[in-house]
Visitor: 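Encoded as structure tokens, here's the structure I'll be asking about.
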Amino acid sequence: MQLDERKTKILQAIIRNYLETGEPVGSRTISKYTDLNLSSATIRNEMADLEEMGYILQPHTSAGRIPSDKGYRFYVDTMMEAKEREVAEMKEMLIERQDKMEQMLQQVAKVLAKDTQYATLITTPQNKGSKVKFVQLSRVAQGQILAVIVVEGNVIKNNILSVREELSDETLLKLNILLNTNLTGLSIAEINLGMIAAMKQQAGIHSDIVSEVIDAVAEAIKAEDDLEIYTSGTNNIFRYPELADHQRASELINTFEEKELLNDLIQDTLSEENNTGIQVYIGDETPVKSMKDCSVVTATYELGEGMRGTIGIVGPKRMDYDKVVGTLKTLQSKLDELYRDNS
């Protein structure tokens, strides 16, 4: 006999309540716990059916019900299916969005280089201080569990954790509730030592799993900090005699091709929390050594929800500053619109 929607909701309410309290659950509690608006008598009838089907047990006469192994299995399988669908949908959406974002930023860099006749760069937006959306632990093999961590921006991190002993469904559920109750909505900076100690104490003999999940959360948030940099117009360097001699041009082009050296410039721009969004580096002011004979103008753009990226224009010291700054200010205001159109 298949569980209908009403029985499923009642069973889920019994399990959630039991996991939270450790006490047998009665019909009156369930009548307040669910959105079914059923009488206690109706709920008692449904609970009797669930008991007959083997999903719940009555530990002793006149007591409420507790989940059976079959009930836990149904709860875990249903929960896992829902989470797997959610993660799959997130991954699909993320891949599609990343493809559109990449195309948009590459086009912006190309148009900017053509318009200014200088070399240009643009980075993917970063969501600083990302927060945990949810954590899901599930069994994958003997001695192993999978920790799926999703943070803002739908960054998904999968970690395989080794466990010394097999974890029961009830233990996995309690750990999932513990982790999500404490971590959801927090950035890594907000997860302090006191909180970790309290979680480990609640986890008891499984405190090492809490530690590994915290490490995995930190890694997931750190993964979002990996910048993607798109460049264009490096050949424009040869338009300017003061930059076109072999050694200078070679160093500049190498900087744009290797891209790692551009990180110092980008981080310097993003670290200026209170700036106007436009910075001008002349000669030695730039943090990139190969650009000491250049002027670099950078702008910080925002796409909402704390997402910030960098646009940069590199040219000779005699660049048309008015035009460059004006172009960047216009682009700053249009990027959010472009992003929404490509999302």
Visitor: With side chain to side chain donor-acceptor pair (under 3.5 Å) as the test, would you mind laying out the steps for T116 and K323 before giving the verdict?
Guide: CA-CA 8 Å; T116 62; K323 179 180 180 180; over 6 Å; no
Visitor: Between Y240 and M319, is there a side-chain heavy-atom distance shorter than 4.5 Å?
Guide: no
Visitor: Shortest non-hydrogen contact from A119 to T234?
Guide: CB-CA, 4.2 Å
Visitor: Quick one: does Q107's side chain have a donor or acceptor within less than 3.5 Å of a partner on M104's backbone?
Guide: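 Between the backbone of M104 and the side chain of Q107 there is no qualifying donor-acceptor contact (under 3.5 Å).
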Visitor: V296 versus I282: any side-chain heavy-atom pair under 4.5 Å?
Guide: no
Visitor: Counting distance only, does the side-chain N/O of Q106 pair as donor-acceptor with the main-chain N or O of Y230 below 3.5 Å?
Guide: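 Between the backbone of Y230 and the side chain of Q106 there is no qualifying donor-acceptor contact (under 3.5 Å).
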Visitor: Rounded to the nearest 0.5 Å, how far does OG1 of T171 lie from CD of E165?
Guide: 8.0 Å
Visitor: Would you call D208 and V210 a side-chain contact if the rule is heavy atoms closer than 4.5 Å?
Guide: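 They are not in side-chain contact.
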Visitor: Under the salt bridge (Lys or Arg N to Asp or Glu O under 4.0 Å) test, which residues partner E46, sequence neighbours left out?
Guide: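 Testing E46 for salt bridge (Lys or Arg N to Asp or Glu O under 4.0 Å), a comparison that skips the adjacent residues, returns R6, K7.
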Visitor: Is the closest side-chain heavy-atom distance between V135 and V148 below 4.5 Å?
Guide: no
Visitor: Return the set of residues passing side chain to side chain contact (heavy atoms under 4.5 Å, CB included) with S138 (not counting sequence neighbours), or none when no residue passes.
Guide: M80, L146
Visitor: Quick check: are there more than 12 heavy atoms from other residues, nucleotides or ligands sitting under 6.0 Å from NZ of K317?
Guide: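 Check passes, neighbour count above 12.
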Visitor: Do S162 side-chain atoms and Q144 backbone N/O form a donor-acceptor pair below 3.5 Å?
Guide: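 Answer holds: no.
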Visitor: Could you please spell out the steps behind the side chain to side chain donor-acceptor pair (under 3.5 Å) verdict for T330 and T327?
Guide: CA-CA 5 Å; T330 301; T327 299; over 6 Å; no
Visitor: If the condition is side-chain hydrogen bond (donor to acceptor under 3.5 Å, both in side chains), which residues does T255 pass it with, not counting sequence neighbours?
Guide: S290
Visitor: Mind checking what makes side-chain hydrogen bond (donor to acceptor under 3.5 Å, both in side chains) contact with D77, not counting sequence neighbours?
Guide: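 D77: side-chain hydrogen bond (donor to acceptor under 3.5 Å, both in side chains) contacts with R73.
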Visitor: So do F238 and I253 actually touch side chain to side chain, heavy atoms under 4.5 Å?
Guide: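 They are in contact (side-chain heavy atoms under 4.5 Å apart), so the answer is yes.
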Visitor: With sequence neighbours excluded, tell me which residues meet ring pair (Phe, Tyr, Trp, His ring centres under 6.0 Å) with Y18.
Guide: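 Result, ring pair (Phe, Tyr, Trp, His ring centres under 6.0 Å) vs Y18: none returned.
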Visitor: At what distance, to the nearest 0.5 angstrom, does CG of L172 lie from CD of Q136?
Guide: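 Output value for this atom pair is 8.5 Å.
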Visitor: Are V111 and L328 grouped together when hydrophobic residues (ILVMFWY) are joined by side-chain heavy atoms under 4.5 angstrom apart?
Guide: no
Visitor: With side chain to side chain contact (heavy atoms under 4.5 Å, CB included) as the test, would you mind laying out the steps for V140 and I145 before giving the verdict?
Guide: CA-CA 5 Å; V140 290; I145 58 175; 5.7 Å; no
Visitor: Would you please name every residue forming a side chain to side chain contact (heavy atoms under 4.5 Å, CB included) with K174, sequence neighbours left out?
Guide: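 Scan of K174 (side chain to side chain contact (heavy atoms under 4.5 Å, CB included), adjacent residues dropped) gives L19, E170.
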Visitor: Keeping T298 on the side-chain end and I311 on the backbone end, is there a donor-acceptor pair under 3.5 Å?
Guide: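 No, the answer is negative, given that no donor and acceptor are paired below the 3.5 Å cut-off.
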Visitor: If every non-hydrogen atom of L57 is compared with every non-hydrogen atom of P59, which pair is closest and at what distance?
Guide: O-CD, 3.6 Å
Visitor: Kindly state each residue pair satisfying salt bridge (Lys or Arg N to Asp or Glu O under 4.0 Å) with at least one member in residues 176-188, sequence neighbours excluded.
Guide: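 Every candidate salt bridge (Lys or Arg N to Asp or Glu O under 4.0 Å) pair involving residues 176-188 fails, so no pair, neighbours aside, qualifies.
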Visitor: Test your reading of the model: is there a side-chain donor-acceptor pair from E166 to the backbone of G143, 3.5 Å cut-off?
Guide: yes
Visitor: Please name all residues satisfying ring pair (Phe, Tyr, Trp, His ring centres under 6.0 Å) with Y75, sequence neighbours left out, ordered by chain then number.
Guide: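 Checked Y75 against ring pair (Phe, Tyr, Trp, His ring centres under 6.0 Å); zero matches.
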Visitor: Within the distance-only criterion (no hydrogens, no angle test), does the side chain of N17 pair as donor or acceptor with the backbone N or O of A13 below 3.5 angstrom?
Guide: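 A pair under 3.5 Å: no.
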Visitor: Do R139 side-chain atoms and L167 backbone N/O form a donor-acceptor pair below 3.5 Å?
Guide: yes
Visitor: Run the side chain to side chain contact (heavy atoms under 4.5 Å, CB included) test on I149 and K133 for me, step by step, so that the C-alpha distance in whole Å, both residues' side-chain angles and the decisive distance to 0.1 Å come before the verdict.
Guide: CA-CA 8 Å; I149 295 139; K133 291 187 72 171; over 6 Å; no
Visitor: For the NZ atom on K70, are there more than 12 heavy atoms of other groups (residues, nucleotides or ligands in this structure) within a distance under 6.0 Å?
Guide: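 More than 12 within 6.0 Å, yes.
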Visitor: Does any part of the side chain of T231, heavy atoms only, come nearer than 4.5 Å to the side chain of I229, both counted from C-beta?
Guide: yes
Visitor: Can you list the residues that meet the side chain to side chain contact (heavy atoms under 4.5 Å, CB included) rule with T8, with sequence neighbours excluded?
Guide: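 Testing T8 for side chain to side chain contact (heavy atoms under 4.5 Å, CB included), a comparison that skips the adjacent residues, returns L3, Q12, F74.
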Visitor: How close do Y301 and T310 get, heavy atom to heavy atom, and via which atoms?
Guide: CE2-N, 3.5 Å
Visitor: Measuring from E51:CD to M47:CE, what's the distance to the nearest 0.5 Å?
Guide: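 That separation rounds to 8.5 Å.
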Visitor: Around D69, counting heavy atoms of other residues, nucleotides and ligands shown, do more than 12 lie under 6.0 Å from its CG?
Guide: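 Open: at most 12 neighbouring heavy atoms sit under 6.0 Å from CG of D69.
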Visitor: Find the distance between OG (S31) and CZ (R44) and round it off to the nearest 0.5 Å.
Guide: 9.5 Å
Visitor: Are E251 and K289 ion-paired here, with the side-chain N under 4.0 Å from a carboxylate O?
Guide: no
Visitor: Consider side chain to side chain contact (heavy atoms under 4.5 Å, CB included). Of V314, I237, L112, D320, which one does Y118 pass it with?
Guide: D320
Visitor: Is any NZ, NE, NH1 or NH2 atom of the basic residue among R16 and E20 found under 4.0 Å from an Asp or Glu carboxylate oxygen of the other?
Guide: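 No.
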Visitor: With sequence neighbours excluded, what pairs up with R239 under the side-chain hydrogen bond (donor to acceptor under 3.5 Å, both in side chains) test?
Guide: Q117, N236
Visitor: Report the C-alpha separation of S295 and Y321 in whole Å, then their side-chain angles, then the decisive distance to 0.1 Å, and conclude whether the side chain to side chain donor-acceptor pair (under 3.5 Å) test is met.
Guide: CA-CA 9 Å; S295 279; Y321 294 100; 2.6 Å; yes
Visitor: Checking E190 now: which residues fulfil side-chain hydrogen bond (donor to acceptor under 3.5 Å, both in side chains) with it, not counting sequence neighbours?
Guide: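 Partners of E190 by the side-chain hydrogen bond (donor to acceptor under 3.5 Å, both in side chains) criterion, ordered by chain and then number, come out as S187.
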Visitor: S40 and S27: which non-hydrogen atoms are nearest, and at how many Å?
Guide: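 Of all heavy-atom pairs spanning S40 and S27, the closest is O-CB, 3.7 Å.
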Visitor: What is the minimum heavy-atom distance between L243 and D293, and which atoms define it?
Guide: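 Result for this residue pair: CD2-O, 3.5 Å.
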Visitor: How many angstroms lie between atom CD1 of I266 and atom OG1 of T123, to the nearest 0.5 angstrom?
Guide: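 The distance works out to 5.5 Å.
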Visitor: Please tell me if the side chains of I196 and N192 come closer than 4.5 Å, counting only heavy atoms from C-beta onward.
Guide: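 They are not in contact (no side-chain heavy atoms under 4.5 Å apart), so the answer is no.
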Visitor: Got T124 and E102 here, is their nearest side-chain heavy-atom distance under 4.5 Å?
Guide: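 With C-beta onward as the side chain, the pair stays apart.
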Visitor: What are the two closest heavy atoms between P24 and I66, and how far apart are they?
Guide: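 Reported closest heavy-atom pair: CA-CG2, 3.8 Å.
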Visitor: Tell me if a side-chain donor or acceptor on N180 pairs with a main-chain N or O of N176 at a distance below 3.5 Å.
Guide: yes
Visitor: State the CZ-CD1 distance between R65 and I15, to the nearest 0.5 angstrom.
Guide: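 One finds 14.5 Å between CZ of R65 and CD1 of I15.
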Visitor: Not counting sequence neighbours, which residues clear side chain to side chain contact (heavy atoms under 4.5 Å, CB included) with D245? List them please.
Guide: Q247, R248
